[in-house]
Amino acid sequence: ELQRVRQLSSDPAVAEFFETLRLLTVETRDAARDQLRRYLSLRDGYLPVLEKVLRDFADETAVLAHLHEAFADESYQNFSHLAGLAYLAAYYGDDDLALACLRRAYVDMRGVTIVVIWHPLFARLRGTDAFKQLVRDTGHYDYWRATGNWGDFARPLGDDDFELIA
């Protein structure tokens, strides 16, 4: 599918970025790092912090410091950038930062790409109370209760609770 998308006349950086996220989920760090390098060679400028992430890719402490710095930076305060930071924070194991990014992006800023919270990089987060609260605060829980359509990621527990499926 990636090969087909690469042939389309759309912006190739989008496909390459999502391929990077896919590889972060299913491949070795080397494969993910090489794909991040390919993506950055397109110079689309989506997340400037990615240059630092690539440089320090194997140094988890350094990468997380870069991500925390970006999270505090005013230029990253939009739902798109925060979602990008959340993916990386989850990959590097900083669940608190990943959840803070998702909360700011999709609760505080009411970001429209809410589907990203179900990305496989966030599977581990779905077992936390903080993620469950995020789901409540985005209105998912109210929707599921009202419609009875719980989808693939949740199921009701009694009359006033629910369970997330990782």
**Q.** side chain to side chain contact (heavy atoms under 4.5 Å, CB included) between Val14 and Asp44, intermediate numbers included
**A.** CA-CA 9 Å; Val14 173; Asp44 79 327; over 6 Å; no
Q. Should Gln133 and Asp129 be marked as a side chain to side chain donor-acceptor pair (under 3.5 Å) after you check the CA-CA gap, both sets of side-chain angles, and the distance that decides it?
A. CA-CA 6 Å; Gln133 188 60 50; Asp129 290 338; over 6 Å; no
Q.
The test is salt bridge (Lys or Arg N to Asp or Glu O under 4.0 Å); show your working for Glu69 and Lys52 and say whether it passes.
A. CA-CA 11 Å; Glu69 182 179 303; Lys52 292 177 182 176; 3.3 Å; yes
Q.
Run Ser75 and Asp73 through side chain to side chain donor-acceptor pair (under 3.5 Å) and show every step you take.
A. CA-CA 5 Å; Ser75 68; Asp73 186 327; 2.9 Å; yes
Q.
I'd like to know whether Arg38 forms a side chain to side chain contact (heavy atoms under 4.5 Å, CB included) with Glu19, so could you lay out the CA-CA distance, the side-chain angles of the two residues, the decisive distance to 0.1 Å, and finally the verdict.
A. CA-CA 10 Å; Arg38 273 191 295 283; Glu19 176 64 359; 5.9 Å; no
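For Trp118 and Phe131, the distance between ring centers is under 6.0 angstrom. If you look at Tyr141 and Phe162, their ring centroids are closer than 6.0 Å.
When side chains are defined from C-beta on, Leu40 counts as touching Glu51, because their heavy atoms get closer than 4.5 Å. Between Leu67 and Val53 there is a side-chain heavy-atom pair separated by less than 4.5 Å. For the pair Leu21/Tyr91, no side-chain contact is recorded, criterion being any heavy-atom separation below 4.5 Å from C-beta on. Considering only heavy atoms from C-beta on, Arg126 stays 4.5 Å or farther from Lys132 through its side chain. A 4.5 Å side-chain heavy-atom check between Phe71 and Cys101 finds at least one atom pair inside the cut-off. No side-chain heavy atom of Phe122 sits under 4.5 Å from any side-chain heavy atom of Leu99.
Taking NE2 of His66 as the reference point, atom CG of Leu54 lies at 10.5 Å (rounded to 0.5 Å). The distance from atom NE2 of His119 to atom CG of Leu24, rounded to the nearest 0.5 Å, is 8.0 Å. Taking CG of Leu82 as the reference point, atom CZ of Arg104 lies at 6.5 Å (rounded to 0.5 Å).
Residues His140 and Ile117 share a closest heavy-atom pair of CE1-CD1, 4.1 Å. Annotation for Val112 and Phe79: closest pair CG2-CZ, 3.6 Å, computed over non-hydrogen atoms. In terms of heavy atoms, Met109 sits closest to Ala105 at CB-O, 3.5 Å. Of all heavy-atom pairs between Leu134 and Val107, the closest is CD1-CG2, 3.6 Å. Closest of all the heavy-atom pairs between Ala70 and Tyr76 is O-CB, 3.3 Å. What you find for Arg29 and Tyr92 is that their closest heavy atoms are NH1-CE2, 3.5 Å.
More than 12 heavy-atom neighbours from other residues, nucleotides or ligands sit within 6.0 angstrom of CZ on Arg145.
Placement of Leu36 and Leu23 in two distinct hydrophobic clusters is found when ILVMFWY residues are connected by side-chain heavy-atom separations under 4.5 Å, directly or transitively.
Identified under the side-chain hydrogen bond (donor to acceptor under 3.5 Å, both in side chains) test for residues 93-102, with sequence neighbours left out: His68-Asp94, Asp95-Arg124.
Partner of Leu102 under the side chain to side chain contact (heavy atoms under 4.5 Å, CB included) criterion, chosen from Leu125, Leu85, Thr138: Leu125.
Partners of Tyr46 by ring pair (Phe, Tyr, Trp, His ring centres under 6.0 Å), not counting sequence neighbours, listed by chain and number: Phe17, His81.
Using modelled atom types, one side-chain atom of Gln35 and one backbone atom of Glu16 make a donor-acceptor pair closer than 3.5 Å. Under a 3.5 Å cut-off, the side chain of Tyr106 and the backbone N or O of Val135 do not form any donor-acceptor pair.
Of the charged side-chain nitrogens involved, at least one lies within less than 4.0 Å of a carboxylate oxygen, so that Asp137 and Arg103 count as a salt-bridged pair.
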